[in-house]
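Report on one structure; see the data block that follows.
Each ligand, and each atom within it, is numbered from 1 in the order the structure gives.
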Amino acid sequence: MIDDPRRQVPRTDTLLADPRLTDAGERLGRGLLKDVVQRVQQRVRDGEVAPPDAVDAVLAALPGTASSLQPVLNATGVLVHTNLGRAPLSPAAVAAVVAAAGTTDVELDLGTGRRGARGEGAIAALLAAVPAAEAALVVNNCAAALALVATALGQGPELVLARGELVEIGDGFRIPELLTATGARLREVGTTNRVTLADYRGALGPDTGAVLKVHPSNFVVRGFTRQVEVGELAAALAGTGVPLVADVGSGLLRPHPLLPDEPDLQSTLAAGADVVLASGDKLLGGPQAGLVLGRAEVVQRLRRHPMYRALRVDKTTLAALEATLRGPLPPVQEMLAADLDGLRARARALAGRLGAAGIDAVAADADARVGGGGAPEHPLPSAAVSLLPSFADPLRLGSPPVVGYVENDRTLLNLRSLPPSADDALAAAVLEVARRWT
Ligand SMILES: *Cc1c(COP(=O)(O)O)cnc(C)c1O
């Protein structure tokens, strides 16, 4: 049959040679372009695309970049969402990543032409932000920081830690399993709900490599409970030479007025911890990283351990971390600080725009959360655009994808986890879903 679509499928060479696709070939690479071309040819064969529309279909199907990771609008109300890549970087951090992505002086002293200290600028920024620290180290993430501590301080000797702090952080990540996987020995003290200074004292001995305190980020124990604060523990360890390491998780540099129960790096060191550990991509608002700060002697021991080489970070992480610390407030901090009236005004404006297009949209109050294991008991007041529940799936499958959630039979698009600059894109995504339905 002459009009059999299979006979009219444009040839691969013809499509690849089309001038409208030249830019894409240069930007994304010929291999990727060819994959998309072949998928479109299949759609022509299947009768889904008319042969003259093949180039347009290729253009429409091309990804924005050569990576399959796509930007997503986070309307979950969870500011630091692990499944969505945790903290979005600030524009200053993004610019620093781009600048450092090529050849860069990460480990070269341009003044002398000799090898320099790796990531000096990021380390200096950390020390300026946390004056109680004498030295700092950056590794892949907080789990890597824990693994380094366990390897360097807990092998042969043992790590003493409270039973109530043997926590699972998320998705099967259990801190005690990580620690013992390095070959470290754990000495658990106290019970699930209570631990005393005497429990710690009873466990200390010639075999003690370090005492570890882990902030149970994502849960709280209430009722008949007792913990030993960093200050008490530090006083009891004074003169023993046993380092006190505190994993504070969230990465807050200093106390935050909105998160009174969240420990921070500066206060924990000031209270007497020898070393503190935290994530870079939670409340700090920077790239994925594990921050290790504290007494120079202990930090040096960790840096000199051979395992450090396997855990250190790359130039782009160092660039993003330094820019996060030195540059303007990162998005996570801005979202945390956003005032409720402003969020409600955004929700009303969005609902008004969508309503004018005939969409059932109303502004509603909602709770947001820090996420990433931080401040589990501390809902943040927020506002949302509330839509029919049937919006949730198509919004998530759209371009850009919008991830909200369904509650009480409504799709909620929570605005505290989105910068105001994303409101136009959010409205456009909802309008596009509605348009496809009608
Ligand atoms: C989140 C968290 C971790 C794990 O941090 P990553 O940076 O994801 O490796 C470890 N400890 C605590 C207390 C945490 O909150």
Q) Can a donor-acceptor pair be found between the side chains of Asn414 and Ser382 at a distance below 3.5 Å? A) yes
Q: Take every heavy atom of Ile175, measure it against each atom of ligand 1, and state whether any distance is under 4.0 Å.
A: yes
Q) Given Val130, which of Thr268, Leu291, Leu269 fulfils the side chain to side chain contact (heavy atoms under 4.5 Å, CB included) condition? A) Leu269
Q. Looking at Lys315 and Thr104, what are the two nearest heavy atoms and their distance?
A. CD-CG2, 3.6 Å
Q | The single option from Leu233, Val211, Asp207 passing side chain to side chain contact (heavy atoms under 4.5 Å, CB included) against Val160 | A | Val211
Q: Could you see which bit of Arg86 sits under 4.0 Å from ligand 1, with heavy atoms only: side chain, backbone, both or neither?
A: side chain
Q) Quick check: does Cys142 get an N/O under 3.5 Å from an N/O on ligand 1? A) yes
Q: Could you tell me whether His215 and ligand 1 have an N or O pair separated by under 3.5 Å?
A: no
Q. In terms of atom number and element, which parts of ligand 1 are under 4.0 angstrom from non-hydrogen atoms of Phe173?
A. 4 (C)
Q) Less than 3.5 Å between some nitrogen or oxygen of Ser250 and one of ligand 1, yes or no? A) no
Q.
So, 4.0 Å and heavy atoms of Gln288: is ligand 1 close enough to count as a contact?
A. no
Q | Enumerated ligand 1 atoms positioned under 4.0 Å from heavy atoms of Lys282 | A | 1 (C), 2 (C), 3 (C), 5 (O), 14 (C), 15 (O)
Q.
Closer than 3.5 angstrom, by distance alone: can the side chain of Glu232 be matched with the main-chain N or O of Glu229 as a donor-acceptor pair?
A. yes
Q) Counting N and O atoms only, with roles assigned by atom type, does the side chain of Arg369 sit under 3.5 Å from a partner on the main chain of Thr76, one being a donor and the other an acceptor? A) no
Q: Can you spot which of Leu325, Leu265, Val332 makes a side chain to side chain contact (heavy atoms under 4.5 Å, CB included) with Leu284?
A: Leu325
(Q) List ligand 1 atoms under 4.0 Å from Asp247, heavy atoms only on the residue side. (A) 10 (C), 11 (N), 12 (C), 13 (C)
